[in-house]
Amino acid sequence: MNFVNSLSIEEQLSLAREKYPEIFEEAGKKRLQEPKTLPPLPNSDKYSIIKTRFAPNPDFYIHLGNARPALLSYEYAREYRGKFILRFEDTDPRTKRPMPEAYRAIKEDLKWLGISWDEEYVQSLRMEIYYQVAKELISKGGAYVDLCKRDDFRRYKLERRGCPHRDQSPEKSLELFDRMLSGHFGEGEAVVRVKTDLTSPDPSLIDWVAFRIIDTSKYPHPLTGSKYVVWPTYNFAAGVDDKLMGVTHILRGKEHALNTLKQLYVYKALGWEYPEVINLGRLKLEGMILSKSKIKETLRRSRGAISIDDPRFGTISSLRRRGILPEVIKEIIMEVGVKGTDATISWENIASLNRKKIDPVTPRLMAVFNPVKLVVRDVPKDPNIRQLRLPYHPTTQSLGFRLIDVGSEDVVEVLISREDLDILSKDGALRLLEFCNISLEKLSDSIAEARFIGTDLDQARRKGLKIVHWVPARQCIRLELLKPEGLKLKILRGLGEKSLLEFPPGKVVQLIRVGFTKLEKISKESRKVRLLYMHD
RNA sequence: GCCGCGGUAGUAUAGCUCGGCCAAGUAUGCGGGCCUUUCGAGCCCGUGACCCGGGUUCAAAUCCCGGCCGCGGCACCA
């Protein structure tokens, strides 16, 4: 061995090749691409049926970051032939007030992502269950009702001492709990605390709050109104539900890492076993807003001018509007994988995946921005030349074709973009895509004139002519293209083929040499369309 | 302040558990070529990374220690 390492790499390789040729054959073979698969779940054989869950707070719409735990949880449940649960965590009617339409919107977004669920729960409808468990926990000495002022408790905690209520009997706490339930206490006057290790180095862990009082006459819950005033905190409700619902594997954002430790105290006190936990890193979407609070603020500031599916947001509805296929989102999330590292998803990557999928089935049309008029002389008055029948896609025949008639006048007027006119003036000639080759005759501020020199594509190739898109001046429509650029939303105005009017709203079309776009609004009467720019 | 997690090309990821198949794979991006009536797609070629410093070892992306950087959490939000 020592001898081997004293050789150069080349010498080592050739020596090894001589002695063990089979190793090298193996290595050459496994270069093939493998599809991305999920790593196995920890301790999956411990459970007879694998159960995962996605537990959003319906205080807002979900975004790409939420799609990570949702999609992975769902995929795992499927792979292990287990069950997947959807659970709405809406136990804070005060600071995270549920948004009534969010329950529905989240389900819609999940369905669009291809996610279906076997069970559905709403926590605010399970209050009696939490009360029940709380009573059990208190009787077992795992929790107590604390009447301390918030600041007083903090002092006890920082000194690593229990507050006076900590040692009161379970009976006393149960009695106080009943008084909480009956509405005897106001906000901040009483809480249920879970007994934890007082010596924990992390003070936030110590005797955390499991229930607090929320005055629902002031902050009614959208589903239960003012019926309840004692509300479980996230850690209590989620922890208890995961056990009660038989969840075996929890996939959630790493911001919950500490919560696992908190909930463990409840589990220990009740003799439960904690599910397997996988903490996931956060997702960012390059150049887009994902943060709930930022989206809300932007929405508020726009005063109704923009909506939740604004293309600058990373919400699921925005990606859907942007024409991104759900399977692309799925692929990206599978690619990012099951781990605690944060990832910044690049828009280029999403666009590339999406493009490859839609390209073969997307009609291609022409539209011109920065249009300038170009007069073409000497175009033969041959219907074969002047009446064009153009396929929507060069290889996908089934997409059909459209007719472009450039008219029968002596001169043909077309519009090309300002940038392409520069090409014409520089090269002296170019090819109008699918139409004819032209050479420049006259160019001034007010007029651009060219001459027909043939329809032959091979001629254009031989001459190295650039091929540019165009629209006929006599029959074109106005269009507006909404294009997100960073955090700005630009509106580009241009002219396009009239056959754009024939598509239904929501149709994705490729504007040749511009990019993929989605038709959002079509007005046949005013001969105008509005498109949303998707990606190159 | 305290606690936790993580660091492989511009971006994302494979490899790290069990050190040698890694002169580090793949996708995207970028550069070039071919093909193609788009600046799209396809095909081919190229570009570019193991956070830093020590240690262990014949051998370290992989194990150990220290540092640096990033991210997350923190007390009646979820």
Side-chain angles (χ1 to χ4, degrees), chain A residues 1-6 9-10 12-13 16 20 23-24 26-28 30-34 36 55-59 89-92 94-96 123 146 150 153-154 157-158 187-188 190-193 200-214 231 233-235 237-238 252-262 279 281-282 286 292 331-332 334-337 339-353 355-356 358-360 362 364 366 390 394-395 431-435 457-458 460-461 465-469 510-516 535-536:
Chain A
M1 274 300 185
N2 243 321
F3 157 73
V4 171
N5 280 289
S6 69
I9 289 154
E10 288 78 11
Q12 288 183 35
L13 277 175
Y20 312 102
I23 295 173
F24 290 88
E26 280 294 306
K30 70 161 214 185
R31 294 283 169 202
L32 294 168
Q33 227 178 303
E34 296 132 38
K36 189 84 184 176
N57 181 334
D59 68 335
E89 306 205 323
D90 55 349
T91 59
D92 184 0
R94 185 175 46 201
T95 52
K96 288 214 172 159
Q123 286 191 326
D146 175 28
R150 206 184 285 225
F153 184 84
R154 178 198 301 260
K157 181 163 67 179
L158 292 178
E187 284 192 3
V191 294
V192 176
R193 291 187 180 276
S200 167
D202 188 342
S204 71
L205 213 61
I206 292 176
D207 284 18
W208 52 272
V209 171
F211 287 87
R212 79 291 206 194
I213 289 166
I214 294 172
W231 288 86
T233 57
Y234 164 79
N235 276 307
R252 61 181 162 208
K254 63 179 177 186
E255 65 272 21
H256 289 293
L258 185 69
N259 292 328
T260 304
L261 298 177
K262 287 189 180 178
N279 293 125
R282 321 239 313 174
E286 186 190 69
K292 247 183 213 182
E331 273 172 43
I332 288 275
M334 294 296 261
E335 170 71 26
V336 169
K339 49 189 223 175
T341 40
D342 297 347
T344 307
I345 309 297
S346 74
W347 180 251
E348 301 269 17
N349 220 314
I350 291 185
S352 168
L353 288 174
R355 187 162 52 222
K356 280 171 194 166
I358 63 178
D359 182 73
T362 304
R364 302 173 183 183
M366 297 186 284
L390 307 182
T395 52
R431 176 173 177 80
L432 297 173
L433 184 109
E434 301 260 26
F435 179 30
L457 175 62
D458 289 331
R461 290 234 174 90
L465 302 187
K466 294 267 189 344
I467 298 169
V468 308
H469 57 286
Q510 187 192 152
L511 298 183
I512 292 168
R513 298 212 298 150
V514 175
F516 288 87
H535 49 71
D536 291 342

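Residue numbering restarts at 1 for every chain, and letters A, B, ... go by the order of the sequence lines.
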Tell me every residue that passes side-chain contact (heavy atoms from CB on, under 4.5 Å) with [X], counting only those two or more places apart in sequence or in another chain.
X	value
A/E434	A/L390, A/P391
A/E187	A/R94, A/I213, A/I214, A/D215, A/Y219
A/T341	A/K339
A/A460	A/R431, A/N437, A/L465

[X]: ring pair (Phe, Tyr, Trp, His ring centres under 6.0 Å) partners, not counting sequence neighbours:
X	answer
A/F153	none
A/W231	A/H221
A/F211	A/F177, A/F236

Distances under 3.5 Å only, N/O to N/O: pair up the protein atoms with those of nucleotides 34-37 of chain B.
from: B/U37; atom 1: OP2; to: A/R461; atom 2: NH2; distance (Å): 2.6
from: B/U37; atom 1: O5'; to: A/R461; atom 2: NH2; distance (Å): 2.6
from: B/U37; atom 1: O2; to: A/R431; atom 2: NE; distance (Å): 3.4
from: B/U37; atom 1: O2; to: A/E434; atom 2: N; distance (Å): 2.6
from: B/U37; atom 1: N3; to: A/R431; atom 2: NH2; distance (Å): 3.0
from: B/U37; atom 1: N3; to: A/E434; atom 2: N; distance (Å): 3.3

Using the C1' atom as the point on both nucleotides, what is the distance between B/U62 and B/U57, in whole Å?
13 Å
For B/G46 versus B/G55, give the span between their C1' atoms, rounded off to a whole number of Å.
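It works out to 39 Å between them.
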Is it the case that B/U38 (base atoms only) and A/Q510 (side chain only) share a donor and an acceptor within less than 3.5 Å, ignoring hydrogens and angles?
yes
Quick check: any donor-acceptor pair below 3.5 Å linking the side-chain of A/K96 to the base of B/A78?
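No.
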Please compare A/D536 and A/T344 by the position of their nearest nucleotide in RNA chain B and report the one closer to 5'.
A/T344
For RNA chain B, just give me the dot-bracket, please: Watson-Crick or G-U, both distances below 3.5 Å, ( ) intra-strand, [ ] crossing earlier pairs, | paired with another strand, . unpaired.
(((((((..((((......[....))))((((((.......))))))...(((((..]....))))))))))))....
For A/D207, enumerate each residue passing the side chain to side chain donor-acceptor pair (under 3.5 Å) test, keeping only those at least two apart in sequence or located in another chain.
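Expected list: A/Y144, A/R166, A/T196.
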Could I get the full list of side chain to side chain donor-acceptor pair (under 3.5 Å) partners for A/R513, not counting sequence neighbours?
A/D420, A/H469
Examine B/A78: is either OP1 or OP2 under 4.0 Å from a nitrogen or oxygen in the side chain of A/R212? Give yes or no.
yes
OP1 or OP2 of B/A78 sitting under 4.0 Å from any side-chain N/O of A/T95?
no
Quick one: do the A/D202 and A/S204 side chains pair a donor with an acceptor below 3.5 Å?
yes
Sub-3.5 Å pairs of nitrogen or oxygen atoms, protein against nucleotides 2-7 of chain B:
from: B/C2; atom 1: O2'; to: A/P201; atom 2: O; distance (Å): 3.1

